[in-house]
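Before any comments, here is the structure.
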Amino acid sequence: MSIKVWNYLAEYEAERADILDAVDTVFRSGQLILGRRVRDFEGAFAAYHGVPHCVGVDNGTNALVLGLRALGVGPGDEVVTVANTAAPTVVAIDAVGATPVFVDVHPETYLMDVDRIPEVVTERTKCLLPVHLYGQCVDMTALAGHASTHGLAVLEDCAQAHGARRHGRLAGTMGDAAAFSFYPTKVLGAYGDAGATITSTAAVDAALRRLRYYGMEDRYYVEATPGHNSRLDEVHAEILRRKLTRLDDYLTARRAIAARYAEGLVGTGLVLPALAEGNDHVYYLYVVRHPRRDTILTELAARDITLNVSYRWPVHTRKGFAHLGHRQGDLPVTERAADEIFSLPMYPTLTKAEQDLVVEALREVLAAL
């Protein structure tokens, strides 16, 4: 049996009739761009989070870019974030002309070490960009305290944390705005690229809506600072609206899979995911750790079990970001983790039989090391 770290086919078969009906509904509507289905999804996603505003966009990267621009971040500004994240977090900062400034992470959870924020804040710092990594939230209470002290905006990167909570508050509701990706692998995934930015501030919402549509408020008339084409399409909006009604079911399934991993892998020598106090984890990824990571991946691949590393190269060490001037050793906790972490298969339709095969293979490989 071939097992991948992610697979959508079983989910598609289970939801196929609804997905195809969504597509047909849009195609028969006579409206393909920025119509009723986008508005309906935006309303539903905002309501799920208990905020008044949601702006659907074409992908998670632009959800970040537009979020930064709507918060007034631009050339000459600095944005504090982390280097153990997907490249789009930092690409978005670069895209608005700002400079990313990195802080290290907690060794157990790999989340931003918010206590380090004051060490890097300067007169140019404009925004804090915490990444709710792997499915759980950064310590937003402490982060908000630093933001208030220094007069900084907060944009949450929620690409990996749909439905996650900290002390009962949903990811995305604890800053000035929050960016979501609906890339197919996500907890709430589309069948292609899609994203959204949510906010409780009317002025930020208005800026987001202009920026995703060239800067226009009325058709063909650019009202303010030019934006670009970042529109969520009607088809993905309708698919996402329907899948949103099943989001809590997806979360229940992910947590059950995580619990089985925790039970099956205890005592193997793997470092299993740590849950930060106050967090409800949604397990977008189930990330484990071992000093002989690459050997383990090779042995499992030989058994037709394909796993993943998120992320093997911290952003500050990649050639494409060499202009930031960082060196190996600047973020020691992040760098050590990158050498040892890897992700196990995690998606709601992963069967118990498939998971048992993964656990059994891991136990055999680890016992032989």
Side-chain angles (χ1 to χ4, degrees), residues 3-19 22 41 44-51 54 60 109-111 132-138 140 156 158-174 178 180-191 194 196 198 238-266 272-288 307-308 310 343-359:
I3 300 175
K4 300 177 181 179
V5 74
W6 177 77
N7 192 327
Y8 73 91
L9 292 174
E11 179 182 289
Y12 176 65
E13 286 303 316
E15 301 181 0
R16 182 173 181 271
D18 193 39
I19 299 302
F41 170 69
F45 198 66
Y48 181 89
H49 289 89
V51 300
C54 170
T109 62
Y110 318 120
L111 296 169
H132 299 314
L133 196 69
Y134 303 150
Q136 65 173 327
C137 296
V138 171
M140 293 299 293
E156 299 175 65
C158 300
Q160 302 188 11
H162 307 74
R165 294 176 183 268
R166 180 166 180 81
H167 297 303
R169 295 188 65 182
L170 277 165
T173 66
M174 295 175 278
F180 291 82
S181 169
F182 305 119
Y183 185 75
T185 63
K186 303 303 183 184
V187 176
L188 179 63
Y191 283 80
I198 66 173
E238 180 62 9
I239 291 172
L240 286 166
R241 185 190 66 79
R242 297 182 185 211
K243 291 190 71 176
L244 180 60
T245 66
R246 299 187 281 271
L247 176 56
D248 289 344
D249 293 334
Y250 301 153
L251 301 185
T252 297
R254 287 174 177 274
R255 288 171 175 143
I257 292 167
R260 290 200 299 269
Y261 275 136
E263 181 181 359
L265 294 171
V266 66
L272 302 182
L275 181 65
E277 184 274 329
N279 276 355
D280 292 327
H281 209 310
V282 298
Y283 297 100
Y284 166 61
L285 298 176
Y286 192 88
V287 176
V288 298
L307 304 185
N308 190 39
S310 297
S343 305
L344 305 187
M346 173 57 75
Y347 46 93
T349 54
L350 182 71
T351 67
K352 187 176 185 300
E354 291 169 330
Q355 190 176 9
D356 287 345
L357 283 176
V358 173
V359 170

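Numbering of residues begins at 1 and proceeds along the displayed sequence. All figures in this text were calculated on a predicted structure; none of them were measured in a lab.
Between Tyr12 and Ile19, the closest side-chain pair of non-hydrogen atoms falls below 4.5 Å. Between Thr245 and Asp18 the shortest side-chain heavy-atom distance does not fall below 4.5 Å. Residues Met346 and Arg254 form a side-chain contact, since some pair of their non-hydrogen atoms from C-beta on lies under 4.5 Å apart. In this structure the side chain of Tyr284 never reaches within 4.5 angstrom of the side chain of Ser343, judged on heavy atoms. Contact annotation: the side chain of His167 approaches that of Glu277 to within less than 4.5 Å [non-hydrogen atoms, C-beta and beyond]. Contact annotation: the side chain of Leu265 approaches that of Leu344 to within less than 4.5 Å [non-hydrogen atoms, C-beta and beyond]. For the pair Tyr250 and Glu11, the minimum side-chain heavy-atom distance is below 4.5 Å.
Put simply, the side chain of Glu156 gets close to the backbone of Gly172: a donor and an acceptor are under 3.5 Å apart. Judged purely by atom type and a 3.5 angstrom limit, Lys243 has no side-chain atom pairing as donor or acceptor with the backbone of Ala190. For Tyr283 (side chain) and Ala253 (main-chain N/O), no donor-acceptor pair under 3.5 Å exists by modelled atom type. One N or O on the side chain of Asn7 and one on the backbone of Leu9 form a donor-acceptor pair closer than 3.5 Å. Put simply, the side chain of Glu354 never gets that close to the backbone of Lys4: no donor and acceptor are under 3.5 Å apart. Side chain of Gln355 to main chain of Arg260: no donor-acceptor pair is present (N/O by atom type, distance under 3.5 Å, no hydrogens or angles).
For Asn308, the side-chain hydrogen bond (donor to acceptor under 3.5 Å, both in side chains) partners at least two apart in sequence or on another chain are Ser310.
In summary, Arg246 and Glu15 engage in a salt bridge, as defined by a charged side-chain N under 4.0 Å from a carboxylate O.
Between His162 and Lys186, the closest heavy-atom pair is CE1-CB, 3.7 Å. Pairing each heavy atom of Phe182 with each of Leu188, the nearest pair is CD2-O, 3.3 Å. Closest of all the heavy-atom pairs between His132 and Cys137 is ND1-CA, 3.4 Å. For the pair Ala171 and Cys158, the tightest heavy-atom approach, listed with the atom from each and the gap, is C-SG, 3.8 Å. Contact detail for Thr173 and Leu170: the closest heavy-atom pair is OG1-O, 2.6 Å. The minimum heavy-atom distance between Gln160 and Val282, with the atom names listed, is O-CG2, 4.2 Å.
Note: Trp6 CH2 to Thr349 OG1 = 9.5 Å, rounded to the nearest 0.5 Å. Atom CZ in Arg242 sits 13.0 Å away from atom CG in Leu244 (nearest 0.5 Å). To the nearest 0.5 angstrom, Ile3 atom CD1 is 7.5 Å from Thr351 atom OG1.
Checking Tyr347 against Thr185 by side-chain atom types alone, no donor-acceptor pair falls below 3.5 Å.
Aromatic ring pairs are classed by plane angle as parallel below 30°, tilted from 30° to 60° and perpendicular above 60°; the pair Tyr191 and Tyr8 is perpendicular. Note on ring orientation: taking the six-membered ring where Trp is involved, the planes of Phe45 and Tyr48 are parallel (angle under 30°, cut-offs 30° and 60°).
The only member of Thr109, Asn279, Leu111 that meets side-chain contact (heavy atoms from CB on, under 4.5 Å) when paired with Val138 is Leu111.
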